[in-house]
Amino acid sequence: MSQTKRDAAAELWRICFGDPEPFISLYFREVFREEDTLLRYDATGKPVAHVQMLPYRLHLFGDSIPAGYISGACTHPDYRSGGLMRTLMRDALRTMYERGDVCSFLIPAESWLYDYYTRTGDYAPAFGRERVMRHRHAGDGALPAGYTCTKGQGDYDFFRAAEVSLTSCGVLHSHSQWQTACADLSLAGGGVATLRDENGQTVAEAYYVPTADALDIKMLVGEEPATALLTDYLLTDGDWELASILVHSDAAPYGMLRILRLLPVLEVFARKNKTVLHEFVYIDERFPQNNGVYRIADGGVSFSSEVQEADTIRLRHYSPSSLVSEFFTPFPSALFLMLD
């Protein structure tokens with residue numbers, strides 16, 4: 001019997017990443033979709049290269065736009081350095097464009113891959129995050145009267161509202177994507193802790209995994225002092241002295257963005273930045289339908305596909321990566337709970 005696409009992708013995933021079997025089972029049960037997956041095989045039918053283009057939505061300058069998240073990009077160790085991933089990424093970009101995605105984003109697994117994805121796909125760093133350490137405060141970690149902390153279920157509405165308000169650009173998890181992220185934490189012995197006030201309203205959430213040395217908080221949602229209360233409670237409850245918390249950083253890159261359809265991006269940017277005046281030439285070798293002269297003014301965008309010789313001299317030129325670097329530096333957003 002021939003191998004299914006799901007089984008072939010899972011086989012290659014095991015070889016390339018070495019993830020625990022429970023995670024692989026979760027991923028290929030809840031995340032994998034054949035229509036979102038590209039595979040390459042050798043002459044014998046063995047899977048040798050793989051990438052998934054997971055459909056997400058990005059919160060971008062106050063709007064929600066469709067975006068493709070590159071997940072599981074890998075080449076079998078015996079077939080690396082042959083250009084397979086370069087052509088696979090080219091096909092992935094085209095597939096995402098054809099299904100209507102406005103942008104694509106990814107998280108390089110290693111630092112050298114930032115340059116690789118810029119060269120092969122015209123991606124640029126656009127997201128940033130870092131770790132901050134928080135020690136447990138003196139005291140018993142008791143919550144104020146009427147406050148409660150529950151673990152396990154979480155509050156998706158509170159989480160989603162926080163995703164929208166955290167930054168000017170960020171990932172919006174659907175309910176099923178959020179559930180899968182929570183299940184992934186559970187596999188690692190962690191989960192989500194929810195703090196509610198005396199009125200039963202959610203005021204903070206921590207998405208966490210316990211480690212031998214510290215409480216690893218993958219995302220902390222809410223405002224001070226509620227987030228501090230929740231962190232201290234969890235540290236005391238688990239007898240940890242230290243919490244390692246992932247937070248947004250505007251300077252430490254963690255994730256890249258590639259614009260597929262420029263006009264919708266500029267339109268939402270212009271509506272949010274009505275005083276900006278900017279005119280430039282844009283050149284996208286992979287999607288020449290984007291090429292032309294763009295003018296941002298008075299909260300709107302005009303576009304002409306005709307580039308005059310005078311335009312090439314007087315106007316600044318952008319590629320997809322250089323435009324992202326211009327509009328998304330310092331990094332306005334962070335990527336959290338991405339099964340990375």
Side-chain angles (χ1 to χ4, degrees), residues 56-70 93-94 96-97 100-106 108 114-115 117-129 163-172 248-335:
Y56 273 82
R57 296 196 72 83
L58 284 180
H59 173 67
L60 185 66
F61 304 118
D63 259 297
S64 172
I65 63 170
Y69 174 48
I70 295 294
L93 287 170
R94 185 178 64 250
M96 289 182 286
Y97 181 90
D101 290 340
V102 172
C103 295
S104 171
F105 65 104
L106 54 80
Y114 279 87
D115 178 65
Y117 285 119
T118 297
R119 288 186 288 104
T120 60
D122 238 339
Y123 287 82
F127 308 92
R129 76 184 196 189
E163 281 196 311
V164 171
S165 63
L166 276 175
T167 59
S168 61
C169 172
V171 173
L172 298 175
H248 167 237
S249 165
D250 63 5
Y254 193 82
M256 306 181 79
L257 185 71
R258 209 285 187 190
I259 295 172
L260 303 176
R261 299 170 182 270
L262 181 57
L263 192 56
V265 172
L266 294 182
E267 286 173 341
V268 297
F269 173 84
R271 287 196 293 269
K272 190 73 172 180
N273 299 273
K274 297 184 185 299
T275 61
V276 170
L277 175 61
H278 199 15
E279 189 175 14
F280 58 88
V281 174
Y282 186 75
I283 302 172
D284 187 341
E285 294 181 357
R286 283 181 175 78
F287 302 107
Q289 54 270 48
N290 287 323
N291 293 353
V293 177
Y294 292 81
R295 188 173 192 271
I296 304 171
D298 301 321
V301 181
S302 61
F303 166 72
S304 173
S305 60
E306 299 295 326
V307 182
Q308 305 300 322
E309 184 177 353
D311 296 329
T312 66
I313 297 172
R314 72 181 180 87
L315 298 178
R316 184 169 180 179
H317 290 213
Y318 288 106
S319 65
S321 57
S322 65
L323 188 73
V324 167
S325 296
E326 177 79 10
F327 278 68
F328 294 87
T329 302
F331 309 132
S333 55
L335 298 174

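Positions are given from 1, in the same order as the sequence printed here. Reckoned from all heavy atoms, side chains included, excluding hydrogens, waters and symmetry mates.
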If you measure from [atom1] on [X] to [atom2] on [Y], what distance do you get to the nearest 0.5 Å?
X	Y	atom1	atom2	answer
Ile65	Leu172	CD1	CG	9.5 Å
Ile313	Gln308	CD1	CD	11.5 Å
Leu262	Glu267	CG	CD	9.5 Å

Please report the shortest heavy-atom distance between [X] and [Y], naming the atom on each side.
X	Y	result
Asp63	Arg271	OD2-NH2, 2.8 Å
Pro332	Ala126	CD-O, 3.5 Å
Arg57	Ser64	NE-OG, 2.6 Å
Ser321	Ala124	O-CB, 3.3 Å

Please check if the side chain of [X] supplies one atom and the backbone of [Y] the other of a donor-acceptor pair under 3.5 Å.
X	Y	answer
His59	Val164	yes
Asn290	Ile283	no
Asp101	Tyr97	no

Is the closest side-chain heavy-atom distance between [X] and [Y] below 4.5 Å?
X	Y	answer
Val281	Asn291	no
Tyr294	Ser302	no
Leu266	Phe303	no
Val102	Val265	yes
Ile296	Leu277	no
Leu58	Leu257	yes
Met96	Ile70	yes

* For side chain to side chain contact (heavy atoms under 4.5 Å, CB included), just list the numbers for Cys103 and Leu260, CA-CA rounded to whole Å, side-chain angles, deciding distance to a tenth of an Å, and then say yes or no. => CA-CA 5 Å; Cys103 295; Leu260 303 176; 5.5 Å; no
Among all residues two or more places apart in sequence or in another chain, which pass the salt bridge (Lys or Arg N to Asp or Glu O under 4.0 Å) test with [X]?
X	result
Asp284	Arg258
Asp298	none
Arg261	none
Asp250	none

* Kindly assign one of parallel, tilted or perpendicular to the pair Phe269 and Phe327, based on the angle between their ring planes and the thresholds 30° and 60°. => perpendicular
* Using the six-membered ring wherever Trp is involved, compare the ring planes of Tyr56 and Phe105 and label them parallel, tilted or perpendicular (cut-offs 30° and 60°). =>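 Because their plane-to-plane angle is over 60°, the rings of Tyr56 and Phe105 count as perpendicular.
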Report the residues that fulfil side chain to side chain contact (heavy atoms under 4.5 Å, CB included) with [X], sequence neighbours left out, ordered by chain and then residue number.
X	answer
Pro108	Leu106, Leu113, Tyr114, Tyr117, Met256
Glu285	none
Glu279	Val293, Arg295, Arg314, Leu315
Thr312	Val307, Glu309, His317

In chain order, what residues pass the side chain to side chain donor-acceptor pair (under 3.5 Å) check against [X], with sequence neighbours excluded?
X	value
Tyr282	none
Ser304	none
Ser322	Ser319
Arg94	Asp91

* Validation row, ring centre Tyr254 to ring centre Phe127 under 6.0 Å ->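 That pair fails the under 6.0 Å test.
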* **Ser104 versus Tyr123, side-chain donor and acceptor atoms under 3.5 Å** => yes
* Asked: Between the side chains of Ser249 and Arg129, is a donor N or O closer than 3.5 angstrom to an acceptor N or O?
  ->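 Note: Ser249 and Arg129 side chains miss the donor-acceptor criterion.
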